[in-house]
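What follows is a set of notes on a single structure, which appears directly below.
The structure presented is a predicted model; accordingly, all values stated were derived computationally and were not measured.
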Protein chains: 2
Amino acid sequence: MKWDELEQEPCSMARTIGVIGDRWTLLILRECFLRTRRFEGFQSALGITRHLLAERLKKLVRQGVLRRIPYQESPKRHEYILTQKGLDLYPIMMALVHWGDTHMVDERGRPLLHQHRKCGKNFDPVMVCSECGEPLLAKEVHTHPGPGARPPSERISRDKPAKPKTRKQAA
Amino acid sequence: MKWDELEQEPCSMARTIGVIGDRWTLLILRECFLRTRRFEGFQSALGITRHLLAERLKKLVRQGVLRRIPYQESPKRHEYILTQKGLDLYPIMMALVHWGDTHMVDERGRPLLHQHRKCGKNFDPVMVCSECGEPLLAKEVHTHPGPGARPPSERISRDKPAKPKTRKQAA
DNA sequence: GTCATACAGTTCTAAAATCGAACTGTCAAT
DNA sequence: ATTGACAGTTCGATTTTAGAACTGTATGAC
């Protein structure tokens, strides 16, 4: 599987990964949400090589996640601003942050806190069901093919259910 | 910035990215949530090279995201199962899927639908505030330093507020 | 006993991506 | 005339990844 093929995969997650699923891109997007807008800002904040930064920004613009907007004439200079498509990545960012807050903090505690302007409190992001509002647990979700699914013949194979025939079973 | 340093960064998102922030790892985790457990299963489902798969699985086990459990003696064989830490990645996976469903589907529609067993309906995942239950919007969230933050002197520099002195402004 | 197959890796070389540093070009301020 | 800010581009060296073959245990078929 090549990386450009990812975006054609019949899997929304694979397609998303094709757009934002590499380390630098995710960090660039973090900076975007922290209001960094300019080339030098990204570069000095992240320490990414200028070469890669230019490439990643181009790709994000091509994908419609960022818009390149002139903020100055002569010499022409541009800022990179999140589009609505880019702003919609916010739940992904928050989910990443929250997992890190839960599982990767040291004894010092969380590096950042998030305050919800609506209610004024520091909060954690919680993922809930759009229909009943209950928090989502992996075990309570059943996945089934939608209209964009490929027929089984086109689909990649998966594990067969564990049935090792007559082999000695482990304790 | 090297990739092993990411996990020490004073940013929960960077730390999370250090663990799961590459394309193959995310796809491996997708397979885990689709109940793939074995080496051959991952390999044939993803088309990943065996070399990289072995490496990524080792890393996920080291990080405590997967557990390697024997399911058969002689020859010893193991399955890779999500730990609680791994199961907690579910909101990230759902957020990725949902963004793809929103912005990356073709005319055929969504490849997969998700049904919530609790309420029986097909749903979208929604990220809400843990305190007031309202859906989260980036504009309504204020970020501020927590106990694990570094003092400004240690912090990476960011864009200055746009103030191009006496330069000709763009229209 | 011999052969083919399943499974879970490891090893090796070639190709691709990334790093690090220097370079280009426009313009403002001194 | 020189320096610095900014937004890139270029290029050789290093690191990762791809692709394919190989290792080793064990099973079932013949």
For this session: Test the Arg38(B)-Tyr71(B) pair against the cation-pi criterion, namely NZ or CZ under 6.0 angstrom from the six-membered ring centroid and within 45° of the ring axis.
Result: yes
Exercise. Separation of His78(B) atom NE2 from dC7(C) atom C1', in whole Å?
Worked result: 13 Å
Exercise. Has Ser74(B) got a side-chain N or O lying under 4.0 Å from the OP1 or OP2 atom of dA26(D)?
Worked result: yes
Seminar exercise, completed: From the candidates dA8(C), dA26(D), dT26(C), the one with an atom nearest any side-chain atom of Glu40(B) is dA8(C)
For this session: Answer with yes or no whether Arg38(B) presents, from its side chain, a donor or acceptor under 3.5 Å of a partner atom in the base of dA8(C).
Result: no
Exercise. Rounded to the Å, how far apart are Tyr71(B) OH and dA26(D) C1'?
Worked result: 12 Å
Problem set entry | Length of the line joining Lys76(B):NZ and dA8(C):C1', which is rounded to integer Å | 14 Å
Exercise. Taking the nucleotide of DNA chain D with the closest heavy atom to each, which residue, Arg50(B) or Glu55(B), is nearer the 5' end?
Worked result: Glu55(B)
Exercise. For Arg23(A) and Tyr80(A), take the nucleotide of DNA chain D holding the closest heavy atom to each; which residue's nucleotide lies nearer the 5' end?
Worked result: Tyr80(A)
Exercise. Within this structure, what is the CG-to-C1' distance between Leu52(A) and dT9(D), rounded to whole angstrom?
Worked result: 13 Å
For this session: Report yes if at least one side-chain N or O of Trp24(B) is closer than 4.0 Å to OP1 or OP2 of dA18(D); otherwise report no.
Result: yes
Seminar exercise, completed: Leu53(B) atom CG is separated from dG19(D) atom P, nearest whole Å, by 15 Å
For this session: State whether Lys58(A) places a side-chain N or O below 4.0 Å from either non-bridging phosphate oxygen (OP1 or OP2) of dT9(D).
Result: yes
Seminar exercise, completed: Which of dG8(D), dG9(C), dC27(C) is nearest the side chain of Ala54(B)? It is dG9(C)
For this session: Measure from the side chain of Thr49(B), starting at C-beta and using heavy atoms only, and say which of dA18(D), dG8(D), dG9(C) lies closest.
Result: dA18(D)
Exercise. Of the candidate nucleotides dG25(C), dA22(C), dA26(D), which contains the atom at the shortest distance from the side chain of Arg77(A)?
Worked result: dG25(C)
Exercise. Can you check the His51(A) NE2 to dC23(C) P distance for me, whole Å?
Worked result: 18 Å
Exercise. Parallel under 30°, tilted from 30 to 60°, perpendicular over 60°: which one fits the rings of Tyr80(A) and Phe42(A)?
Worked result: perpendicular
Problem set entry | CA sep, side-chain torsions, deciding dist, call: Leu82(B), Leu29(B), side chain to side chain contact (heavy atoms under 4.5 Å, CB included) | CA-CA 9 Å; Leu82(B) 287 165; Leu29(B) 288 167; 4.1 Å; yes
Problem set entry | Asp124(B)/Arg110(B) under salt bridge (charged side-chain N to carboxylate O under 4.0 Å, His left out): CA gap, chis, key distance, verdict | CA-CA 12 Å; Asp124(B) 285 321; Arg110(B) 303 182 176 192; 2.8 Å; yes
For this session: Taking atom types as modelled, find out whether His144(B) and Asn122(A) have a side-chain donor-acceptor pair closer than 3.5 angstrom.
Result: yes
